[in-house]
Amino acid sequence: MLKKHPLITFIFFGVVLYLISNRLDELLVYQGATVGIFVIAIASLILLTGYSGQVSLGHGALMAIGAYAAALLRIHYNAPVWLTFVVAVLAAAVGGALLGLAAARLSGPYLAGTTLALAIGLPSIANQFSIFGGEQGLSFDIGFPPASLGEDFTQYKWYFWISWSAALIAMYWLRHVLNSRYGRSWRAVRSNDVAAELAGIHVGRNKVLAFTISAGLAGLAGALLGMTISLVSPGVYPLLLSFSLATGAVLAGVTTLGGVMIGAVILVAIPEIALAIANRYGGSETIITNLPGLLVSGLLILTVLLSPNGPVEQMHARHAKRAKSGKASHSPVELTLRVGSKTWSTKK
Amino acid sequence: MSQFLDMFLIGISAASIYALMAISMVLVWRSTRVVNFAQAGMALLSAYIGYELVSRTGNFWISLPLAMILGAAFSAFIEFFLMRTLLKHSNQGPIAAIAPIIATLGLLGVIRAVIGFIWGHGDVQLEAPLSKVGYKFGDTTLFIGPMGLFVICFVVALLLVVTIVFQKTNIGLALRASAYAPEIAQLSGIRVSGIRTLGWAIAGAAGAAAGILQTVNGTGGLTPESLEFSLLLVFGFIAAVIGGLESLPGAVLGAVILGLVLAFVQIYISGTLVFIVAFILLLAVLILRPQGFLGSKAGRRA
C-alpha cells in the first residue's frame, strides 16, 4: 500500500497517531513528540549519508542554528509559530549550504572531522555574542494550545500534534524528493561519482543540494526540540546529540528511510531502559548518569559490527537472496526460533 | 616586545601538545586509513590512569612512562579486537565509508561512560610535579616556568625518538613501507597486520603523553565531559590536516602553525574567538590546499 498510495498511507498513519495520542498518559505523549522530532532529524542524516554518501557529525549544530533562528524571531518580532518553523528551516538550510560548499570537496574522514569541529565549537560561538544569551540560552515559548481544541487539551498533546504533523509532512515530502530525479542523481553519485559525472550529473552541485536539504530538515527538528523544552541553549544541543543522531541513523540503517522509526524509538527508549536497569540495581547516581551513554555507544559498535547496513536493509538482502536462489517463500512473514540445537520455523 | 614573546611561548607550548595529538592521528591514519575520533577519549583515559598511578606511587616521573605504556597497550588492543573485525565485516555498501568513523565514535562514548563508572563525574586533580610560576628575567616574568619548559623539552625528545625510529631502524622502514604500499610490503615479507597494530600502539603512547601533559600543564582538573579534551581532538585533527594527514613532519608543522595562530588571536584579539579562528583555518586549508602543506596530492578530494 505504501508503494502505490503513499499519501493515503501517511494520512492513515496520522489518524492512527491521533487516536493513540488520546489514549496515552502525559509522559508518553511527551516522549511521542520527541520520537517525532528524532524521526525528522534521523531522516535528514539518512538522506545525507545513505543517499548522497556524505557524513555529518555536526547535525546537532545545524539543529541549533534552526532553533536559535526560530527563538530569536519569536522573541524579537513575536512571529506566529508556523513562521518560526519556516524560518528555522531556511536558516539551517543557508548554514547547511555554506557548509555543503566546503563539504562537497571533502571525502569521508575530512568531512567527519570538519562537521565534528563545528559541533564541538558551537557553544563557544553561542557564548561569544550576547544576542544568543550565553549558557542560559533563549526561551522559546510557542504559547498555549488554541482554545478551540477544548479545555482538557494539554500542552504536551499540542507539542505531540505539532511535531508529528511536521514529521509526517517532512517524511512525505522527503519520500517524494528521494524518488524524484534528485534522489536518483544522489544515489548515482553515491555509488560511483565518476560514472555519474559521465552520465551528465553535476556531482558537486548535487552534493551541496543534499547537504542543504538535510540541514533544513535538521533545523526544523532543532526548532521542534527547542519547542518541547521551551528553551534554546548550547546545553540542549550538546555534542552527544550529534552522536545520538549518528547512532539513530546507523541503527535505522543508513540506506533506506524505512527504518527511521526504529532509530527514533530506540533513541527515546534507551534512557528509560537505562533508568529501569539502574533502579533495579540500587539506582546509584553513577549508574543513572553513565548507563545511557554506555548503551547507546555499545549498541552503535555492535550494529556496525554485526549488521552494518541496518536491520531493514539486512532483511531486504535476505529476501533478495532467497528470491534469487528460487526458494522464495509464499508466506510474507517468516519466523524462526532457535534455542540451543532445536529450531522452530514457520518455513516449510 | 614582552607581549610578543609571551605569544610565542604560549603558541609553542600549546603546539607541542597539539603535535603529539596530531602525530597519533597521523600514525593511525597511515596504518589503517581510519581517523580515530576516539583518540581524545583514549588520551583522557590515559590521563585518568596517570592520575591513578600518581596517587598510588606518589611519583609523577615513573607514572608518565607507565601510563604511556598502558596507553599503547590499550590502543593496540583496540586495533586488534575492534578495528580488524570491523574492517573485515563492513567493507561494502554505503556504510563502508563511515563504519570506522561511527565505530570510533562509539568507542569514545564507551570510554567516557567507563571513566564515569570508575572515577565518577567529580573533578579529579592531577597535580603538576613542577612549578608553573614563570621564569623571571629582570623585571619581566615569562609565560612559561619549569613545567612548561619540561613539556616542550619532553615533546621534542619524543619527536626525536620517533624520527630516529622511523628513519634509522628496520621497524621504522616496515612502518613506512606498509603505510606507503601495503600489498608490496606484504610481498616483501613484512607482516603488515602486525605493523598496523604497532602503529596504533605508538599512536596510543603519543596520545597518552598528550593527555597527561595537557592536564598537568593546564588546570590539572579532569572530568569525563572535559571540553578541553574535545578541543584537543579538534585541534589535533586540524594540525594533522594542515600538515596533510600523511606526514609526521607535516603534523608537527601543522601543530606549530595552529599553536602560533591561536596564541596570536588569544593575545591580540580575543580569547573567545580561538575556536572560530581554528575552524576557519581548517576550512581554508581544506579548500585552498586540500593536500596539506606536506602531504601527497592524491586521495584527498571526494
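Every value quoted in this text rests on a predicted model; they were computed, and no experiment measured them. Residue numbering restarts at 1 for every chain, and letters A, B, ... go by the order of the sequence lines.
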Problem set entry | Top of A:Leu118, A:Leu295, A:Leu239 for chain B proximity - count of heavy-atom pairs under 4.5 angstrom | A:Leu118
Exercise. Does any heavy atom of chain B fall under 4.5 Å from the side chain of A:Leu302, the backbone, both, or neither of them?
Worked result: neither
Problem set entry | Heavy-atom closest contact (A:Ile301 atom, B:Leu107 atom, distance) | CD1-N, 3.6 Å
Seminar exercise, completed: In this structure, CG of B:Leu282 is separated from OG1 of A:Thr114 (nearest 0.5 Å) by 4.5 Å
Expected list for residues 273-280 of chain B: side-chain donor-acceptor pairs under 3.5 angstrom, two or more places apart:
none

Problem set entry | Closest contact, heavy atoms only, A:Ala112 versus B:Ile101 | CB-CD1, 3.8 Å
Problem set entry | Part of B:Phe235 within contact of chain A (heavy atom distance under 4.5 Å) | neither
Seminar exercise, completed: Per-residue tally against chain A (heavy atom, under 4.5 Å) across B:Leu233, B:Val234, B:Val110 peaks at B:Val110
Exercise. Which residue out of A:Leu116, A:Thr247, A:Ile120 racks up the most heavy-atom pairs below 4.5 Å with chain B?
Worked result: A:Ile120
Seminar exercise, completed: B:Arg33 meets the salt bridge (charged side-chain N to carboxylate O under 4.0 Å, His left out) criterion, sequence neighbours left out, with B:Glu246
For this session: Taking atom OH of A:Tyr182 as the centre, report whether more than 12 heavy atoms of other residues, nucleotides or ligands fall under 6.0 Å from it.
Result: no
Exercise. In terms of the angle between their ring planes, are A:Tyr110 and B:Phe237 parallel, tilted or perpendicular, with boundaries placed at 30° and 60°?
Worked result: tilted
Exercise. Can you find a heavy atom in the side chain of A:Phe243 that is under 4.5 Å from one in the side chain of B:Leu108?
Worked result: yes
For this session: Could you tell me which non-hydrogen atom of A:Ser297 sits nearest to which non-hydrogen atom of B:Gly106, and how far apart they are?
Result: CB-O, 3.1 Å
